[in-house]
Amino acid sequence: MSAHGSSLQGNESGAPPLRYTAHLARQIEAKWQDQWERDRTFEAPNPAGPLAEPEKVGGRPKLFVLDMFPYPSGAGLHVGHPLGYIGTDVFARFKRMTGFNVLHALGYDSFGLPAEQHAIVTGIHPRINTESNVATMRRQLRRLGLGHDARRSVSTTDEDFYRWTQWIFLQVFESWYDREAGRARPIAELIGQFERGERDTGRGPWGALGPAERAAVVDGHRLAYLADAPVNWCPGLGTILANEEVTAEGRSDIGNFPVFKRTMRQWTMRITAYADRLIDDLDRLDWPEPIKLMQRNWIGRSEGARVRFASAAGPIEVFTTRPDTLFGATFMVLSPEHPLVDELVSDGQRADVAAYRARAASLADAERTDATREKTGVSLGATAVNPATGREVPVWIADYVLMGYGTGAIMAVPSGDQRDFDFAREFGLPVVPTQRPPDAWFEARGIPPTLDCSQWPGAYVGDGPYVGSSNAEVTLEGCDTVDAAVARMNAWLERAGHGRSAVTYKLRDWLFSRQRYWGEPFPIVYDEHGVARAVPDALLPVRLPELDDFKPQALDPDDERTDPIPPLARVGQWVDVEMDLGDGPRRYRREVNVMPQWAGSCWYELRYLDPTNRNAFVDPEVERYWMGPTGPGHTGGVDLYVGGVEHAVLHLLYARFWHKVLFDLGHVSSEEPFHRLFNQGYIQAWAYRDARGQTVPAAEVAESDGSWTWNGQPVTREYGKMGKSLKNVVTPDEMYDEYGADTFRLYEMSMGPLDASRPWNTRDVVGMQRFLQRVWRNVVDEDTGELRVSNGAAPDALRRELHRAIAGVADDMASLRFNTAIAKLIELNNALTAHVNAAGSSPREVLEPLVQMLSPLCPHLADEMWERLGRREVLAFHPFPVADPAMLASDTVEVPVQVNGKVRSRIVVPVGTPDDELVRLAMADEKVAAHLDGRAPRNTVVVPDRLVNLVV
RNA sequence: GCCCGAGUGGCGGAACGGCAGACGCGACGGACUCAAAAUCCGUUGUCCGCAAGGGCGUGUGGGUUCGAGUCCCACCUCGGGCACCA
């Protein structure tokens, strides 16, 4: 045993007693994990509040590193899950070593559907199942050696946590969006405006309105409001289903029962009020450009016009992005759900229309708008008047028009829109041109230029001179661009009273109710008028009631008439409640929906900051310290947020929305929750199927010459997510047992860039273990445990190698390029090993920085080696090495010489050789001269110290 | 279908528009060993060639450039999202 008082036990089987094996790694890792926990090494001090330690905050810069909130799955972790956690841990440890006060923690998004489904099947309370899953995940992650502050590991299912989720909901409920001010304000200020007559209620003077009317007026402005929205009602299961639980055929995934679209009164969040800010503020975020683009596309801001077509049932308003094509509108299409359909439909068409509407209701939006589908639709047997031409046009309904977008009705311009064109062709509706397409357009389609649209193979979309687009009041002749024509048309629409320019968004308000048990109850009760009232702060949290039976009451599978009943509605004594809301004790009915899983993940990062605060969801000073803006124009927010691209739109958009509401109401100083975003890739794995198409255990498949067999029978290979169904799961626990946590961490980081997806390959892990064994051997003798360190000076070449590595590794780590940082460390260690093989010992001046640089990646082994090198303090706060610039410089440089862009030779020249001298030396080179073959270069391209290219 | 990505040796990957294949796995050869494992040293894109050297090579087809894995256009394949999985 070594002289360091270590209790490390020797290896079993034949290996030298102190070889760095999984056995030894396990002991080293347990030792340091215990020590970090005992010393509370990774607890981050707060400047104020319950976790305040202002003296430890000191003058250090701060850094808040965040992983996306995990759901504690019952299946436990597989090796794909920790990828991002290891990445953030390496980064956090690196930054800590460069002097930052780093906050890094991980909590659990523990409400959600799987636990509830588990409860329905097993009868075990979701809380019990959830807590055991969290415990499993905590154990697996602790073994990984992550430098998390354990005090901050909150769960959304903690009453202490969801009390504040409910509180934030009430903040949203008690607010409205003031368009003039461009921000949310307390609802009391809106009521004040109504009382003083400064704002029109839309229903007459405030003083003349009854309580229910006043509530209706105010509710029409709230950021959280009730609206009718469709749900998937499955009477056969007695429950409402999530979209993913419904098959493409409109039946339940479980049991294959019919599913009916029904509307229910549900909580909705007015996220559309923030659409412009959610788009505009993207410009100030340090996010990957593709993610910003996805958010912009999702919000889908488009500028166009609202236009009214007169009809027998009154004006039908349409939204169009192309008001310039109004003269070509030869028919109208309404969404099947459009409210005017019933009034417009002729008696002859009534039956067909009803049948069509029923069919459309069973389809998902994505299906309805699928452009490859054959266009379907039914005529209403009615007409409307095109305001530009004054002509009557037929009115149809079709499922490709959605009620949720624009006004739920379109003017169809078949010559200028491909969907309308397809529809017109399908049903023989007229197509008239509004623009002359360029000749090239016809050429590409192999037809001669013509304005006879019956010859056209499709709609024309783009700029082009206008034709047939004039009436007595307006003409588009002379406009060359769409923009110019839109402007002229919008001006006329407004003047003539037919419409006005308008902006619309694809983004819809956010449906916030779930008809489930395992979620946050709403802090809302209804009075005898059915008016929603906030549960006062003092009565929070509204706790989830206990359920005896998680199984919903199944009904006749075809009974589409009975109303859906959410689980909480069955707990009668909980639903009916007596409360004092300021006007004495009264009876109320509780809201029986629960919040969606998004609710907790919309603000959890704020609770990490101040997890034990009982007076506020976060102390304002603590929030300002960790997330406040760093300067004018800075949005503030988390310094680094790492997670998968699958959250590119929904989670990130919802969380931004809530954060902005909290900002508007003055509860946080940051305008955005996540200032910098980084998307990690996925670790996927090969999976194999036998001749019958059954998956076989991937671990038992053998490969030879590019084909695979299992138990001797040939199998086919596919690529996919790790999971039970593909039988290709590899767990961290297996890696800990076979290699140890440090090797596992190193392998995950070395596989490729953090943002790339890659296949898992257990076979490759051994490379990183061998690397660590070589480093370890350069520190201690694996037979005796003696140090192999010398205090003499390192040779100049090795020292230069060291400083090149330091510069490169620091740079790579700061940019999250851990794979190339590891490659540089391996190169350095290989050079060191060559020296040790020749000289018999490792120079301390090389070994110590190498151990320090390894520390963020393999913290246990690094601390162990650091201790053996005689250093007392743990590496967590020890400064990262700094490269000596003098050691990076070189006198000469090798410059490739190209002839006609192909490398033909290389010349070694002094750094800073002037261009003409470089060319002269290049031409003097034998091989270059041979390729020039006596010709003089026509052109020379010189990049100083980098390259010469001779063009002949 | 719509939106967003990614395609480089046998495999994972490296490469500010400037030497394609760093580093690791695997494979092959050598040293050590009675032998094997482990370890150490070396070779390894591909084709032609004894060699020196040369040809070809970053999914496919075009383009921009003195020069393209990198930029642009089209296509093919794979992955992610599409609002009640989160």
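Because only heavy atoms are used, hydrogens play no part in the values below, and waters and symmetry mates are left out as well, while side chains stay in. Here the structure is a predicted model, which means the values were calculated and not measured. Every chain is numbered from 1, with letters handed out A, B, ... down the list of sequences.
Judged by a 6.0 Å distance limit and a 45° cone about the ring axis, A:Lys506 is not positioned over the six-membered ring of A:Tyr405. Both tests pass for A:Arg656 against the ring of A:Trp287: distance under 6.0 Å to the centre and angle within 45° of the axis.
Using a 4.0 Å heavy-atom cutoff across all strands shown, A:Val951 reaches sugar-phosphate atoms only and no base atom. Contact annotation for A:Leu825: no contact, since no heavy-atom pair falls under 4.0 Å across all strands. Looking at heavy-atom distances under 4.0 Å, A:Pro114 makes no contact with the nucleic acid at all. A:Val649 comes within 4.0 angstrom of nothing in the nucleic acid, heavy atoms only. In this structure, A:Thr940 reaches neither bases nor backbone, as no heavy-atom distance under 4.0 Å exists between it and the strands shown. Contacts of A:Pro596 with the nucleic acid, taken as non-hydrogen atoms under 4.0 Å apart, are absent. Using a 4.0 Å heavy-atom distance criterion, A:Arg946 is classed as a base contact. At the heavy-atom level, A:Gln418 lies nowhere under 4.0 Å from the strands shown.
When the P atom is compared between B:C47 and B:C3, the two are found 43 Å apart, to the nearest whole Å. With P as the reference atom, B:C72 and B:G5 are 11 Å apart, rounded to whole Å. With C1' as the reference atom, B:U77 and B:U60 are 11 Å apart, rounded to whole Å. For B:A20 and B:G57, the C1' atoms lie 9 Å apart once the distance is rounded to whole Å. Spacing of P atoms, B:U43 relative to B:U70, comes out at 31 Å, to the nearest Å. With P as the reference atom, B:A31 and B:A22 are 27 Å apart, rounded to whole Å. For B:G1 and B:C71, the C1' atoms lie 29 Å apart once the distance is rounded to whole Å. B:A14 and B:G7 are spaced 16 Å apart, taking the C1' atom of each and rounding to whole Å.
Going from atom CD1 of A:Ile254 over to atom P of B:C85 covers 13 Å, rounded to whole Å. Rounded to a whole Å, the CD atom of A:Glu827 is 10 Å from the C1' atom of B:A14. Protein atom OH of A:Tyr400 is 16 Å distant from nucleotide atom C1' of B:C2, rounded to whole Å. The CD atom of A:Glu801 sits 11 Å away from the P atom of B:C23 (whole-angstrom rounding). For the pair A:Asp764 CG and B:G26 C1', the computed distance is 8 Å after rounding to whole Å. Atom CZ of A:Arg906 and atom P of B:A20 are 7 Å apart (whole Å). With rounding to whole Å, A:Ile907 atom CD1 is found 15 Å from B:C19 atom P. Atom OH of A:Tyr682 and atom C1' of B:C4 are 11 Å apart (whole Å).
Position along RNA chain B of the nearest nucleotide to A:Val941 versus A:Ala242 favours A:Val941 as the more 5'-ward residue.
With hydrogens and angles ignored, the 3.5 Å screen pairs no side-chain donor or acceptor of A:Arg938 with any backbone N or O of A:Ala936. A donor-acceptor pair under 3.5 Å links the side-chain atoms of A:Ser842 to the main chain of A:Asn778, judged by distance alone. Of the possible polar contacts, one joining the A:Glu116 side chain to the A:Trp518 backbone as a donor-acceptor pair under 3.5 Å is found. A donor-acceptor pair under 3.5 Å links the side-chain atoms of A:Lys292 to the main chain of A:Leu282, judged by distance alone.
Across all their heavy atoms, A:Leu828 and A:Ala805 have their closest contact at CD2-CB, 4.0 Å.
When each of B:G18, B:G12, B:C4 is scored by its nearest atom to the side-chain atoms of A:Asn949, the top-ranked nucleotide is B:G18. Checking B:C84, B:A14, B:G12 against the side-chain heavy atoms of A:Asn243 singles out B:C84 as nearest. Proximity note for A:Met294 (side chain, C-beta onward) versus B:G12, B:G26, B:G80: the nearest is B:G80. The side chain of A:Asn761 approaches B:C11 more closely than any other nucleotide in the set B:A83, B:C66, B:C11. Side-chain proximity of A:Asn297 to the nucleotides B:A14, B:C25, B:C3 is greatest for B:C3. Between B:C66, B:C84, B:A22, one nucleotide has an atom nearer to the side chain of A:Ala823 than all others, and that is B:A22. Taking every side-chain heavy atom of A:Val645 into account, B:G80 is the closest of B:G80, B:C19, B:C23. Comparing B:G80, B:C84, B:A14 by their nearest atom to the side chain of A:Asn232 picks out B:C84. Residue A:Pro896 places its side chain closer to B:C19 than to any other of B:C66, B:G24, B:C19.
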(request) Quick one, give me the B/S/- string for nucleotides 33-61 of chain B, reading 5' to 3', where B means a protein heavy atom under 4.0 Å from the base and S means that only happens at the primed atoms, P, OP1 or OP2. (result) -----SSSS------------SSS-----
(message) Checking A:Glu738 against A:Arg763 for the salt bridge (Lys or Arg N to Asp or Glu O under 4.0 Å) test, could you report, in this order, the C-alpha distance in whole Å, the side-chain angles of both residues, the deciding distance, and whether it holds?
(response) CA-CA 11 Å; A:Glu738 281 180 57; A:Arg763 196 180 66 174; over 6 Å; no
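Taking the syn range as angles within 90° of 0, the glycosidic angle of B:G9 is syn.
Put simply, the side chain of A:Gln684 and the base of B:G79 share no donor and acceptor less than 3.5 Å apart. Residue-to-nucleotide contacts include a donor-acceptor pair under 3.5 Å from the side chain of A:Gln515 to the base of B:C84. Not a single donor-acceptor pair, N or O on each side, falls under 3.5 Å between the base of B:C4 and the side chain of A:Glu646.
The structure places CH2 of A:Trp510 at 7.0 Å from CD1 of A:Ile271, a figure rounded to the nearest 0.5 Å.
Taking the charged nitrogens against the carboxylate oxygens, A:Arg804 and A:Glu801 do have a contact shorter than 4.0 Å, which makes a salt bridge. Salt bridge annotation for A:Arg19-A:Asp783: absent, with no cationic side-chain nitrogen under 4.0 angstrom from a carboxylate oxygen. Between A:Asp781 and A:Arg788, no side-chain nitrogen of the basic residue sits less than 4.0 Å from a carboxylate oxygen of the acidic one, so the salt-bridge criterion is not met.
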(message) Output the pairing pattern of RNA chain B as a dot-bracket string, 5' first, Watson-Crick or G-U wobble with both distances under 3.5 Å, | for cross-strand pairs, [ ] for crossing pairs.
(response) (((((((..(((.....[....)))((((((.......))))))((((....))))..(((((..]....))))))))))))....
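Heavy-atom neighbours of A:Ile565 CD1 from other residues, nucleotides or ligands within 6.0 Å: at or below the threshold of 12.
Distances shorter than 4.0 Å separate some side-chain N or O of A:Arg514 from OP1 or OP2 on B:C84.
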